[in-house]
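Proteins get letters first, then strands, A, B, ... in listed order; numbering begins at 1 in each.
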Protein chains: 2
Amino acid sequence: MNTAVDRSLLKSAFPFPGCNAAGALLPEVPADLERCTTVARYRQHQTIYFEGDSADAICQVVEGCVMLYKLLPDGRRQVVELLGQGDVFGFARGEERDCSAETLTDVRVRFIDRRSAERSCSFQRILARRMLIQFEAMHEHAVLLGRKSAMERVASFLLRLAPDTDQPVISLPMTRQEIADYLGLTIETVSRSFSELKRRGLIVLEKQDRVRITRFNAIEDLATAC
Amino acid sequence: MNTAVDRSLLKSAFPFPGCNAAGALLPEVPADLERCTTVARYRQHQTIYFEGDSADAICQVVEGCVMLYKLLPDGRRQVVELLGQGDVFGFARGEERDCSAETLTDVRVRFIDRRSAERSCSFQRILARRMLIQFEAMHEHAVLLGRKSAMERVASFLLRLAPDTDQPVISLPMTRQEIADYLGLTIETVSRSFSELKRRGLIVLEKQDRVRITRFNAIEDLATAC
DNA sequence: CGTCGATTTGACCTATCTCAATGAGAGTGG
DNA sequence: CCACTCTCATTGAGATAGGTCAAATCGACG
């Protein structure tokens, strides 16, 4: 099933559902862990686990998009990671999950028993390599949250989802509320930013959840170094 | 030199210089990597590397505090991680460092050759475990940047640095500018928040870089779930 | 066609930023 | 020991990006 190991080098921490679809590549799990592994299916907008749940299994996205978020006591929510094919999540320092995990699309998730995973050398290697990718994505996200304007955040977000210049149509797997919670904005500000981009002719909203980037360079300029 | 392995479980991603000083514990490197390892010293406010430098060695803080930051083209800066004893940094997805590393205090850094590290199973294990800790810190940081008010950010920051209720005096290893760049605020807002806390009697500024928390609970309330 | 949830738009408000001035502390040299 | 200077921090006054609240519009679905 898992032929090549370098699959772990695929770009990722990249939440767009179709982004890797072309190759339909399966993420890698070393043979010695195959038997400690389950794959489960989830529908869109289902919760995989909640913050505080006991963390006995490590998870990997086989297919689809997942978001990790944290809640403040008064209900404010921050999406802390967007995950796509191959990304790992659900490992924890202590015994509890430090944030909640919810699906953005229909998803297949592989669960790997935590103790077995800790024993498997090859899995540790894959895990560490994966985490690098997610580290960089989180650094970028911190810059976005700490230092970018609303417009810059939305533009950066679009670029993050735009597969390529020659693939300028994005199917947003997220509601405005989820986008807002990822970008540290309100739903109204996200909406106004989209409208402004539309007014300036940089994007076309083909459907509510379908964006065509018409002037890629202009979006790049707005994003201030994605 | 490295007797116990569980040292890697010590709390960390915790930037306060004196936080682990009591035990004077050295972070762990497996024996098989000892010879691929160098330890270097840096003075306060020295750059270890810049974003874009080639990433040929992984780094670990042996002693002191380090910050990782990214710059936007127009000079805006975001500090993306604060690191203390035992924390690892400088690994990269590609060939280049994704952010810059600068010392906050006098620092000792251990460099581990990247290729050797990738081959060492025990190091991968330590690395993965360390990264978990830093992951959680970064999630917390994203919540702070995306969803907390200025006051909440400053209160959370103080709690992060306060070793304990019975150790209420904090020596800030950072300038106001560095704090502002970590919290996603301006220097003025940080300063005003400190003044407000002082006015309300929750802290005393014994020196510019020395804060005594006088009403711990009140700070905790302000921080909104640290 | 009617209903319901999600999105967009408008009007207003406020937390934080910006710009500018003042103050405090550390180091230097007379 | 006392100016002098330099950097960093504080404070004030005014501007503004983005938040809040409320209303209008859209789109999917029965």
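Closest to the side chain of A/Glu188, from the set D/dT20, D/dG19, C/dT16, is D/dT20. Closest to the B/Ile187 side chain, of the nucleotides C/dT9, D/dA9, C/dT7, is D/dA9.
Atom CG of A/Leu205 and atom OG of A/Ser195 lie 7.5 Å apart (nearest 0.5 Å).
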Checklist entry - When you look at B/Glu81 and A/His139, which way does the side chain to side chain donor-acceptor pair (under 3.5 Å) test go after all the steps? => result CA-CA 8 Å; B/Glu81 284 190 76; A/His139 287 167; 2.7 Å; yes
Checklist entry - Checking salt bridge (Lys or Arg N to Asp or Glu O under 4.0 Å) for the pair A/Arg93/B/Glu136: CA distance, chi angles, key distance, verdict? => result CA-CA 8 Å; A/Arg93 164 163 76 165; B/Glu136 295 197 5; 3.7 Å; yes
Item to check | Full working for salt bridge (Lys or Arg N to Asp or Glu O under 4.0 Å) between A/Arg147 and A/Glu152 | outcome: CA-CA 9 Å; A/Arg147 290 301 181 207; A/Glu152 289 171 331; over 6 Å; no
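OP1 and OP2 of C/dT16 both lie 4.0 Å or more from every side-chain N or O belonging to B/Thr186. Contact annotation: A/Ser191 side-chain N/O to C/dT9 OP1/OP2 distance is not under 4.0 Å. OP1 or OP2 of C/dC17 lies within a sub-4.0 Å distance of a side-chain N or O belonging to B/Thr189.
A straight line from CG of A/Asp74 to P of D/dT20 spans 10 Å, rounded to a whole angstrom. Atom-to-atom, CG of A/Leu197 to P of C/dT8 comes out at 12 Å; the value is rounded to the nearest Å.
For B/Glu196, the side-chain hydrogen bond (donor to acceptor under 3.5 Å, both in side chains) partners at least two apart in sequence or on another chain are B/Arg199, B/Arg200.
The side chain to side chain donor-acceptor pair (under 3.5 Å) with A/Arg43 is formed by just one residue from the set A/Thr105, A/Thr103, A/Asp106; it is A/Asp106.
Within residues 198-209 of chain A, the residues approaching DNA chain C are A/Leu205, A/Gln208, by heavy-atom distance under 4.0 Å.
The two residues A/Leu183 and A/Arg153 make their nearest non-hydrogen contact at O-NH1, 2.8 Å. Of all heavy-atom pairs spanning A/Glu96 and A/Ala55, the tightest one is C-CB, 4.0 Å.
A donor and an acceptor atom sit less than 3.5 Å apart, one in the side chain of A/Arg192 and one in the base of D/dT20.
With axes fitted over five pairs at each extremity, the angle between the ends of the helix from C/dC1-D/dG30 to C/dG30-D/dC1 is 30° (10° resolution).
Using a 3.5 Å distance cut-off with no hydrogens or angles, the side chains of A/Arg160 and A/Tyr182 do pair a donor with an acceptor.
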